[in-house]
Amino acid sequence: MTLSSSLKIEKMRMPVMETENTTVEASLSEVPDRLPFPPVTYSHILRCSYHDWHPRYRPLIPKSRLISLTPAFVNYLRADGIVLPPEARPPREDDELDAYEDSEEGEEDPSAEWPEIHTQIKNTIAELGGKVTPKLNWSAPKDATFMSPTNDTECRSPNDIYLLLKSSDFITHDLEHPFDDCEPDHINGNATEDILPDVPYHLVLRQYVNFNPSLEFRCFVRNRKLLCMCQRDQNHFDFLFGMRDMLRSRIQSFFDEKLRDTFPDPNFTFDVYIPAPHQRVWLIDINPWAQRTDPLLFSWLEILRMKDPIGFEEEADNGVEEGFVRISLRDGTVITPSSEEEAEGDSSSEEEEVENVAPGGDDQFAPFLPEFRLIKKDDPESYSFNTPQFSAHKVPKELVDASLAGPGGMSEFLGKWQEILKQQEREDRDAGNESN
Ligand SMILES: Nc1ncnc2c1ncn2[C@@H]1O[C@H](COP(=O)(O)OP(=O)(O)OP(=O)(O)O)[C@@H](O)[C@H]1O
Ligand SMILES: [Mg+2]
């Protein structure tokens with residue numbers, strides 16, 4: 001879950017947007033003051049929490065473990081400042097034993113308040129092969145990767161995890177604002193009491209895998225219909241265009257078979273990963289149908305105003321070619337296999353292979369298939385490969401340089417940070433003295 005994209009951004013995005021088949025032009029006067037979302041309820045947010053859906057979809061998810069967090073640990077995450085438990089380091093030959101013991105003695109150990117969680121995290125990292133990527137109920141600390149020497153969310157020790165979690169605004173959002181802009185649920189038409197629900201906080205540890213970001217997709221579901229989807233990474237990948245129909249078909253089947261009738265809410269978004277050889281779809285996350293979920297290559301207004309795909313029935317026989325959806329058309333009408341049978345015998349000669357076009361090619365009609373939006377070569381949305389995402393969360397260059405400078409790990413980086421701050425204070429003081 002990212003911090004919300006504002007309506008202002010929606011307005012900026014709307015005027016010209018290349019879609020898969022059409023160019024949508026909307027005048028700003030058509031843009032409402034508020035995005036027309038249905039009310040987002042507390043229980044919808046809770047049902048999108050990893051701990052809620054993980055047991056239901058376990059076989060569809062890459063290997064992960066959940067650790068139920070105690071109030072003491074949640075307090076540690078919430079507390080200002082970053083104090084990490086002391087790390088046991090192997091004694092070096094030149095260590096004076098006395099000096100080594102002295103330095104250990106004085107150190108504060110926050111994990112003394114939550115030793116069982118600390119141990120569970122250590123054991124889970126080992127169980128998952130030594131490398132994990134963490135997240136809380138809704139969010140991964142993607143905005144804090146500047147704290148990591150590898151510049152990503154790979155963690156090898158509990159301290160790597162604590163440092164990322166405590167440095168992330170996305171994690172703070174999970175802790176402090178999960179129900180912002182939400183309202184109580186309605187039972188029999190009556191609103192329930194407006195008391196914020198208790199959140200059963202969980203730490204999710206996923207076995208770290210080298211993801212190919214070009215094969216991650218976000219999918220939007222409204223009224224249990226797969227409405228549209230797009231790539232998650234904001235770069236242009238030429239090869240995706242040739243695979244679009246095949247990937248769409250995989251995602252549609254995955255949705256129909258695994259999610260459509262099992263997710264408790266009719267509206268939601270989900271993220272998938274379809275690594276080579278692109279046979280298997282992995283579920284990565286489920287996000288609320290709410291402004292806080294980044295619509296990526298779409299704008300929310302565009303999604304909310306989108307027509308439902310009218311749907312299709314894939315031919316029941318085995319004449320379906322890999323990578324294509326075969327739809328029966330006659331006189332511009334969709335003919336499903338059952339209606340075809342009723343009408344007359346074999347009509348295969350009248351079949352056409354169609355992409356995401358409406359009958360008669362008229363844009364006023366609903367599309368047949370969910371739009372699958374990819375970044376074209378010259379799209380303004382396409383980032384340069386060097387530009388990091390989450391620009392709102394950028395930090396001074398010195399900090400990034402410091403984090404990348406040495407192999408000493410994250411704790412060393414914290415030390416460098418303190419040094420930079422002290423140096424800055426000294427310079428400010430000197431500048432003040434000079435001007436006096
Ligand atoms: N097992 C894994 N190993 C390595 N990287 C992973 C793994 N699982 C997910 N990732 C990476 O982490 C990214 C973020 O994960 P996730 O979608 O769960 O975070 P999020 O905070 O919910 O994101 P958003 O705010 O976009 O909803 C994914 O896009 C993927 O690149
Ligand atoms: Mg998410």
Side-chain angles (χ1 to χ4, degrees), residues 1-5 40 44-54 57-58 60-66 124-125 127-145 148 150-156 160-161 164-165 167-175 177-178 180 201-221 229-235 237 259 263 265 267-275 280-298 300 381 383 388-393:
M1 188 189 309
T2 54
L3 303 180
S4 67
S5 44
V40 182
H44 179 54
I45 298 298
L46 285 171
R47 286 194 286 259
C48 292
S49 167
Y50 205 97
H51 85 281
D52 196 275
W53 53 262
H54 175 266
Y57 299 127
R58 215 185 162 112
L60 316 175
I61 304 170
K63 204 166 180 180
S64 63
R65 299 282 178 268
L66 275 107
T124 308
I125 294 173
E127 188 204 342
L128 293 177
K131 292 195 276 182
V132 299
T133 176
K135 79 180 276 180
L136 227 52
N137 296 48
W138 298 277
S139 302
K142 294 187 296 183
D143 56 330
T145 52
S148 147
T150 48
N151 209 27
D152 61 14
T153 58
E154 180 190 312
C155 295
R156 294 169 185 239
D160 291 350
I161 294 170
L164 277 182
L165 296 181
S167 309
S168 165
D169 286 348
F170 297 164
I171 297 299
T172 304
H173 189 269
D174 278 16
L175 291 168
H177 305 283
D180 277 8
Y201 278 106
H202 284 76
L203 175 64
V204 181
L205 295 181
R206 304 185 277 197
Q207 184 172 52
Y208 189 86
V209 187
N210 269 328
F211 265 45
N212 177 346
S214 63
L215 296 169
E216 293 189 67
F217 306 101
R218 175 155 290 175
C219 313
F220 299 82
V221 179
M229 55 198 112
C230 64
Q231 59 183 84
R232 280 188 82 180
D233 194 85
Q234 310 263 312
N235 287 296
F237 300 102
L259 296 182
F263 193 71
D265 289 319
N267 303 333
F268 59 100
T269 79
F270 64 97
D271 299 321
V272 292
Y273 181 50
I274 316 183
R280 182 157 186 185
V281 177
W282 293 96
L283 180 63
I284 302 302
D285 198 19
I286 295 181
N287 308 293
W289 183 264
Q291 195 172 343
R292 69 181 70 188
T293 298
D294 193 334
L296 299 173
L297 306 191
F298 297 97
W300 265 118
E381 288 86 357
Y383 289 137
Q389 273 173 280
F390 317 117
S391 52
H393 303 271

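When a ligand or atom number is given, it counts from 1 through the structure's own listing order. What you are looking at is a predicted structure, and each value in this text was computed from that prediction instead of being measured. No hydrogens, no waters, no symmetry mates; every other heavy atom, side chains included, goes into these values.
With a 4.0 Å heavy-atom cut-off, ligand 1 is reached by no atom of Pro62.
With distances taken over non-hydrogen atoms, the option nearest atom 31 (O) of ligand 1 out of Arg218, Glu216, His173, Lys142 is Glu216.
Backbone or side-chain N, O or S atoms of Asp285 reach the Mg ion (ligand 2) at under 2.8 Å. Metal site remark for the Mg ion (ligand 2): Ser139 contributes no N, O or S atom at a distance under 2.8 Å.
A salt bridge links Lys135 with Asp285: at least one charged nitrogen is closer than 4.0 Å to a carboxylate oxygen.
Scanning for side-chain hydrogen bond (donor to acceptor under 3.5 Å, both in side chains) contacts around Asp265 gives His44, Arg47, with sequence neighbours left out. For Arg65, the side-chain hydrogen bond (donor to acceptor under 3.5 Å, both in side chains) partners are Glu127, not counting sequence neighbours.
Of the possible donor and acceptor atoms, none in the side chain of Tyr208 sits under 3.5 Å from a partner among the backbone N and O of Arg156.
For ligand 1, the atoms sitting less than 4.0 Å from at least one non-hydrogen atom of Asn287 are 27 (O), numbered in the order shown with element in parentheses.
Residue Trp138 places a heavy atom under 4.0 Å from ligand 1. Using a 4.0 angstrom heavy-atom cutoff, Thr133 counts as in contact with ligand 1. Under a 4.0 angstrom heavy-atom cut-off, Tyr208 registers as being in contact with ligand 1.
The distance criterion of under 3.5 Å between nitrogen or oxygen atoms is met by Val209 with respect to ligand 1.
Here the side chains of Ile125 and Asp160 are not in contact, with every heavy-atom distance at 4.5 Å or above.
Between the CD1 atom of Ile286 and the CG atom of Asp52 there is a distance of 9.0 Å, given to the nearest 0.5 Å.
If you run ring-ring contact (aromatic ring centres under 6.0 Å, His included) between Trp289 and each of Phe263, Phe268, Trp300, Phe270, only Trp300 comes through.
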